[in-house]
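This one's a predicted model, so the numbers in the text were calculated from it and none came from an experiment. To find a chain, count down the sequence lines: A is the first, B the second, and so on, and within it residues start at 1.
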Number of protein chains: 2
Amino acid sequence: MDTRHNILTAAAVLFARNGYDKVSMRDIAGAVGIRAPALYNHFPDKEHLYLESIAHVLQGKAEALARAIAGAAPAWTRLERYVACLARIFTEDPDALRLIQREVLNGDDARLRTLTDQVFQTPFQDMLDLIQELGPGRDAHLLAISVMALVLDHIELACLRPLLPGYRPEHDDPEVLARHVCTLLRAGLVDAAPSAPR
Amino acid sequence: MDTRHNILTAAAVLFARNGYDKVSMRDIAGAVGIRAPALYNHFPDKEHLYLESIAHVLQGKAEALARAIAGAAPAWTRLERYVACLARIFTEDPDALRLIQREVLNGDDARLRTLTDQVFQTPFQDMLDLIQELGPGRDAHLLAISVMALVLDHIELACLRPLLPGYRPEHDDPEVLARHVCTLLRAGLVDAAPSAPR
DNA sequence: GTCTATAAGCGGATAGAC
DNA sequence: GTCTATCCGCTTATAGAC
């Protein structure tokens, strides 16, 4: 089969869960059923393998978000779709989110710029436009970051939340999360009824 | 002077910025002006040095939050103080936040449980109680996580935000961030006027 | 393309002098 | 308590047979 593809998917999982330094070329080779030197037939070194495995995982995620926000529906509807899509994508593939977290934490300026240009730019701009349509007087940048934070932090903290008081298993359901975020965005902390009003 | 204290503060900075594996005992020793074997007079091994440096940095942070939320003031006022305190603490000491991020990403279950019991438990419970007072019908756990996410994600993304459209330098000011978060919590994305109403 | 063998270097940690 | 010297394992990466 396609060895290169197998390497990239196996490496992405290992890097996401253990971090760059805790994953050796031997580990990656072992996960694919080959020996370490064979990896160098497909990638020039570990760094390139790592960067390509990230790109491989993030492939298509941005496009899915673009589809969710597109169309002629009312702005609130498009926001709800965007939030739901974001929650679904990264709940189903938490390794992808971990890879992004590690890059944000460790990436030098050049790598962060590349990642921004190739992945974050378009979805963020879409969200920015949408927010400007919904709340013209507000700071769209702060709000767009806030929307991302509300959705992604819940998922990032999946390991920690069960240890904190008030946790219930349904909090890990992306639909529950999306509804919660939209309710909060609509009316804030207090004013909304338990079930989101239209 | 107190060599042990110097080691812990220097190590914390290195670990926060580069991660556990990218910091060698030689690096830490060099930052303090000694040689690597001397470190073993103060700590049994690298793992213990790492864990103690985290504890050393997080010391006092939880107490500051407890003070901010305490008192007989109205619930909204205490929430505002809490949010402002959270934003100030981690804007002034971004390395502390990075250490927490790394622990959440890499920590096994046992270490996350220890960290929760010793640091997160009390501030989170305080926030939970406050939210139950403010919005009795809502899911307090989801909301408390959301408040943390809104404040901390802005600070965690300090490296990324300048690369995204709409960024302005004032977004890095903890007071601006705290006002933004409180406005959002009060009335959601749309209903609030640009300057937060009382 | 994959293998075995191996180079070259860095990592944590210890021994023992001072 | 700190030093120098050193051990030993593991890492990335290459050479060369098949």
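- A donor-acceptor contact shorter than 3.5 Å links the side chain of B:R161 to the backbone of B:H154.
- The aromatic rings of B:Y167 and A:H141 stand perpendicular to each other, their planes meeting at an angle above 60°, with 30° marking the opposite boundary.
- Listed by residue number, there are no residues of residues 4-29 of chain A with a heavy-atom contact under 4.0 Å to DNA chain C.
- For B:K46 (side chain) and B:V23 (main-chain N/O), a donor-acceptor pair under 3.5 Å exists by modelled atom type.
- Applying the side chain to side chain contact (heavy atoms under 4.5 Å, CB included) test between A:H5 and each of A:T3, A:T9, A:L8 identifies A:T9 as the sole match.
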Original post:
Between A:M25 and A:L49, does a side-chain contact (heavy atoms from CB on, under 4.5 Å) hold up when you go through it step by step?
Top reply: CA-CA 10 Å; A:M25 297 297 269; A:L49 202 172; 4.1 Å; yes
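- On the nucleic acid side, DNA chain C has its first and last nucleotide under 4.0 Å of a heavy atom of chain A at C:dG1 to C:dA5, going 5' to 3'.
- Annotation: cation-pi geometry not satisfied between A:K22 and B:Y20 (NZ/CZ under 6.0 angstrom from ring centroid, within 45° of ring axis).
- Of all non-hydrogen atoms in B:A12 and B:V57, the two that sit nearest each other are CB-CG2, 3.3 Å.
- The main-chain N or O of A:R168 is found under 3.5 Å from a side-chain atom of A:H171 such that the two form a donor-acceptor pair.
- Distance check: B:L143 CG to A:L184 CG gives 6.0 Å after rounding to the nearest 0.5 Å.
- Whole-Å rounding puts the A:E47 CD to D:dA13 C1' distance at 14 Å.
- Annotation: side chain of B:I100 is in contact with side chain of B:L58 (closest heavy-atom distance under 4.5 Å).
- Listed in residue order, the members of residues 32-45 of chain A having a heavy atom less than 4.0 Å from DNA chain C are A:I34, A:R35, A:P37, A:A38, A:N41, A:H42.
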